[in-house]
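Remarks on the structure that follows.
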Amino acid sequence: MEHYKNLSGNSGVMAYEIGEDYIKVKFRSGDVYLYNYIVTGKFNIERMKKLAEEGKGLSTFISRYVREDYAAKS
């Protein structure tokens, strides 16, 4: 997984992994969530990928728009 830049300084996101049709997000709790096109939707996944690479806004986007729309949690 790639370290999340956390430019805002207060994100709950620690790291992420981007795939062709998914993104995995690791939170401070240690939980890793898998979001994919099927469950979360292509538009949301592509936006999340962009925010992850920018290092800002990913946690806010997830809490506002995605919430429980994840494919798996580990």
Side-chain angles (χ1 to χ4, degrees):
M1 294 193 108
E2 192 164 333
H3 177 74
Y4 183 64
K5 293 176 190 169
N6 190 13
L7 298 177
S8 68
N10 58 1
S11 179
V13 174
M14 298 295 295
Y16 64 92
E17 177 184 315
I18 291 176
E20 186 174 329
D21 63 350
Y22 72 87
I23 183 170
K24 289 181 182 178
V25 180
K26 181 177 183 178
F27 291 92
R28 284 186 187 175
S29 65
D31 293 330
V32 177
Y33 288 77
L34 169 66
Y35 302 92
N36 63 21
Y37 281 3
I38 295 169
V39 177
T40 315
K42 183 177 181 177
F43 174 83
N44 288 332
I45 295 301
E46 293 304 317
R47 182 70 178 135
M48 291 167 70
K49 289 178 184 180
K50 185 172 190 267
L51 293 169
E53 290 173 340
E54 291 174 355
K56 187 174 179 186
L58 181 56
S59 183
T60 300
F61 183 85
I62 291 170
S63 65
R64 285 187 184 166
Y65 303 106
V66 178
R67 299 195 178 259
E68 302 295 318
D69 292 339
Y70 56 86
K73 176 183 173 184
S74 58

Sub-4.5 Å side-chain heavy-atom contact between Lys26 and Val13
no
Is any side-chain heavy atom of Met48 closer than 4.5 Å to a side-chain heavy atom of Ile18?
no
If you measure from CD1 on Ile23 to CG on Leu58, what distance do you get to the nearest 0.5 Å?
5.5 Å
Nearest heavy-atom pair of Asn10 and Asn6: which atoms, and what distance?
N-OD1, 3.3 Å
Can you find a pair of side-chain heavy atoms, one from Phe61 and one from Arg47, that are under 4.5 Å apart?
yes
Can you tell me how the ring of Tyr35 sits relative to the ring of Tyr33, calling it parallel under 30°, perpendicular over 60° and tilted otherwise?
parallel
Quick test of your reading: applying side chain to side chain donor-acceptor pair (under 3.5 Å), list the pairs with at least one residue in residues 12-24, sequence neighbours left out, ordered by first then second residue.
Glu2-Tyr16, Glu17-Tyr22
Check Tyr4 against Ser11 and note the closest heavy-atom contact, atom names and distance.
CE2-OG, 3.5 Å
Between OH of Tyr65 and CG of Asn44, what distance do you get to the nearest 0.5 Å?
10.0 Å
Student check: side-chain heavy atoms of Ile62 and Val25 closer than 4.5 Å
yes
Is it true that Lys42 and Glu46 make a salt bridge, defined as a side-chain N closer than 4.0 Å to a carboxylate O?
no
Counting distance only, does the side-chain N/O of Ser63 pair as donor-acceptor with the main-chain N or O of Thr60 below 3.5 Å?
yes
Between OG of Ser29 and CE of Met14, what distance do you get to the nearest 0.5 Å?
10.0 Å
